*Asks:* 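One structure is given below, represented as structure tokens, and several questions about it will come after.
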Amino acid sequence: MAISLADRRLSPPVLLAPLAGITDLPFRNLVTRFGAGLVVSEMVASQEMVEAKPSVRARAELGFGAANTAVQLAGREAHWMAEAARMAEASGARIIDINMGCPAKKVTTGLSGSALMRDLDHALSLIEAVVGAVNVPVTLKTRLGWDETCLNAADLARRAEGAGVQMITIHGRTRCQFYKGAADWDAIRAVGQAVRIPVIANGDITDSASAREAMDRSGADGVMVGRGAQGRPWALAQIAHDLFDAPPPQIPHGAALAQMIVDHYEAMLSFYGLDLGLRVARKHLGWYLEGVDPALRREVLTATDPAHVIRCVTQALPELAAA
């Protein structure tokens, strides 16, 4: 099973969600090596991207030129969204994704992200600006609605399709739910019934069992995995194998797992530099070493010497062998 976006073929239809501070270039590269139909960059503010503020440049090598990477843009003004999309395309982006699902207060207060679901006319103006600015496929990620009184994802999807959006991902919660409660996969079905373009189900999909249930209940064409990949960069490939007969991933254990962790750690240090890299790496190391001796895990997460961290990961080999 595959999804076609113009001349792009997303196979398998198992996608990595954009997660701020997590799905950076080193992690996306790792997930891609195991196997994923598409990985999405961390959300980037359109105006900041155009103005090339260092905070954005430092965070993003956005995957320009990578065949299986979508660059995700957010914003509230059509001019900046269009300019950022043009810049991304000119830099080699193969797919532009529009964020209308982020629930964070600092985003919605600025009338971006999921706040746009409260004004579909304005949301559509941004979509039209981006689609009109580029020749590459444009996709959309959003939620069921702003709150339980405003469940308008199907309406937004229908209008987005009419404006030229080629795929839509729906997180099965409203903005006001944030990440509380359970994702409503059944509610995503109405979106699929409203459009002819592919619909991707997102929210609470962590493994093959939840992916299969989400597909069955939503009628979606594929799934997007976020937190389920933390500490398990092979999770998407495993889902792809179990649901879509993709080749099985070579899941590392013991020495192979330790080496993968070390390689990822060194990639983060190289990408961010030592000081920032040490801080960013801790969250990933923590996920990798869940279940390891607490004292050893604490030593890894507080160490400031990369060589010491690597030695500690090697010391964890006996426990990693059982992982």
Side-chain angles (χ1 to χ4, degrees), residues 14-45 48-49 55-64 66 68-74 95 97 99 101-107 112-114 141 143 169 171 173 178-180 183 200 202-207 210-211 223-239 249 252 257 260-291 297 300-301 309 313:
V14 183
L15 287 53
L16 179 67
L19 298 173
I22 298 171
T23 55
D24 54 19
L25 186 66
F27 187 66
R28 295 198 310 270
N29 286 343
L30 183 54
V31 170
T32 297
R33 284 198 293 274
F34 279 103
L38 185 74
V39 297
V40 184
S41 76
E42 297 172 274
M43 178 184 72
V44 59
E48 290 183 1
M49 179 177 172
S55 60
V56 174
R57 285 294 177 94
R59 187 177 95 183
E61 248 182 59
L62 291 170
F64 293 141
N68 76 323
T69 298
V71 175
Q72 188 181 76
L73 302 178
I95 296 171
D97 187 61
N99 182 298
C102 180
K105 186 175 181 180
K106 66 180 181 180
V107 175
S112 298
S114 55
K141 187 173 189 293
R143 288 186 166 228
T169 299
H171 183 113
R173 290 182 175 87
F178 286 86
Y179 297 97
K180 297 177 181 177
I200 306 298
N202 176 229
D204 295 348
I205 298 170
T206 57
D207 55 21
S210 56
V223 294
M224 178 174 278
V225 180
R227 288 170 289 177
Q230 293 173 355
R232 301 167 57 241
W234 54 82
L236 279 77
Q238 186 64 55
I239 291 170
L257 178 56
M260 186 208 77
I261 295 171
V262 168
D263 289 345
H264 186 194
Y265 178 64
E266 292 179 333
M268 286 184 281
L269 297 184
S270 175
F271 181 69
Y272 288 106
L274 182 60
D275 290 342
L276 180 57
L278 285 171
R279 296 196 297 274
V280 172
R282 285 176 185 139
K283 67 186 75 171
H284 290 279
L285 292 172
W287 292 320
Y288 287 135
L289 299 179
E290 285 182 1
R297 185 173 181 269
V300 168
L301 298 185
V309 170
V313 171

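Everything numeric in this text was worked out from a predicted model, so none of it was measured.
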*Asks:* Is there a side-chain contact (heavy atoms from CB on, under 4.5 Å) between Ile22 and Arg227 once you walk through the steps?
*Replies:* CA-CA 9 Å; Ile22 298 171; Arg227 288 170 289 177; over 6 Å; no

*Asks:* Return the minimal non-hydrogen interatomic distance between Ala211 and Val223, and the atom names on each side.
*Replies:* O-CG1, 4.0 Å

*Asks:* Give a yes or no on whether the backbone of Arg28 and the side-chain of Thr23 come within a donor-acceptor separation of less than 3.5 Å.
*Replies:* no

*Asks:* Charged N to carboxylate O under 4.0 angstrom, Asp204 versus Arg173?
*Replies:* yes

*Asks:* To the nearest 0.5 Å, tell me how far Met268 CE sits from Leu276 CG.
*Replies:* 11.0 Å

*Asks:* Do side-chain atoms of Asn202 reach the backbone of Met224 as a donor and acceptor pair under 3.5 angstrom?
*Replies:* yes

*Asks:* Going by side-chain hydrogen bond (donor to acceptor under 3.5 Å, both in side chains), name the residues that satisfy it together with Tyr265, two or more places apart in sequence or in a different chain.
*Replies:* none

*Asks:* Rounded to the nearest 0.5 Å, what's the gap from OG1 on Thr169 to NZ on Lys141? Could you check?
*Replies:* 6.5 Å

*Asks:* Could you go step by step and tell me if Arg279 and Tyr272 meet the side-chain contact (heavy atoms from CB on, under 4.5 Å) rule?
*Replies:* CA-CA 10 Å; Arg279 296 196 297 274; Tyr272 288 106; over 6 Å; no

*Asks:* Quick check against the 3.5 Å criterion: does Gln238 have a side-chain atom that pairs as donor or acceptor with the backbone of Asp207?
*Replies:* no

*Asks:* Compare every heavy atom of Asp97 with every heavy atom of Ala70, then report the nearest pair and how far apart it is.
*Replies:* CB-CB, 4.3 Å

*Asks:* Could you grab the distance from atom CG of Leu38 to atom CG of Leu15, nearest 0.5 Å is fine?
*Replies:* 4.5 Å

*Asks:* About how many Å separate CG of Leu19 and CE of Met43, when rounded to the nearest 0.5 Å?
*Replies:* 11.5 Å

*Asks:* Which atom names give the shortest non-hydrogen contact between Pro26 and Ala267, and what distance separates them?
*Replies:* CG-O, 4.0 Å

*Asks:* Measure across Pro249 and Phe34 and return the closest heavy-atom pair with its distance rounded to 0.1 Å.
*Replies:* CB-CD2, 4.4 Å

*Asks:* Measure across Met260 and Leu30 and return the closest heavy-atom pair with its distance rounded to 0.1 Å.
*Replies:* CG-CD1, 4.1 Å

*Asks:* Rounded at 0.5 Å granularity, tell me how far CG in Asn29 sits from CG in Asp24.
*Replies:* 9.0 Å

*Asks:* I'd like to check Ser114 versus Phe178 (side-chain heavy atoms, cut-off strictly below 4.5 Å). Are they in contact?
*Replies:* no

*Asks:* Hey, what do you get for OG (Ser41) to CG (Asn99), rounding to the nearest 0.5 Å?
*Replies:* 10.0 Å

*Asks:* For the side chain of Lys283 and the backbone of Gly21, is there at least one donor-acceptor N/O pair under 3.5 Å apart?
*Replies:* yes

*Asks:* side-chain hydrogen bond (donor to acceptor under 3.5 Å, both in side chains) with Thr32: which residues, sequence neighbours excluded?
*Replies:* Asn68

*Asks:* Quick one: sort the Trp287 and His284 rings into parallel, tilted or perpendicular, breaks at 30° and 60°.
*Replies:* perpendicular

*Asks:* Do the two ring centres, one from His264 and one from Phe271, sit under 6.0 Å apart?
*Replies:* no

*Asks:* Under 3.5 Å, is there a donor-acceptor pair between the side chain of Arg143 and the main chain of His171?
*Replies:* no

*Asks:* Under the side-chain contact (heavy atoms from CB on, under 4.5 Å) criterion, do Leu16 and Val40 qualify, and how do the steps go?
*Replies:* CA-CA 6 Å; Leu16 179 67; Val40 184; over 6 Å; no

*Asks:* For Gly277 and Leu269, which heavy atoms make the closest approach, and how far apart are they?
*Replies:* C-CD2, 3.6 Å

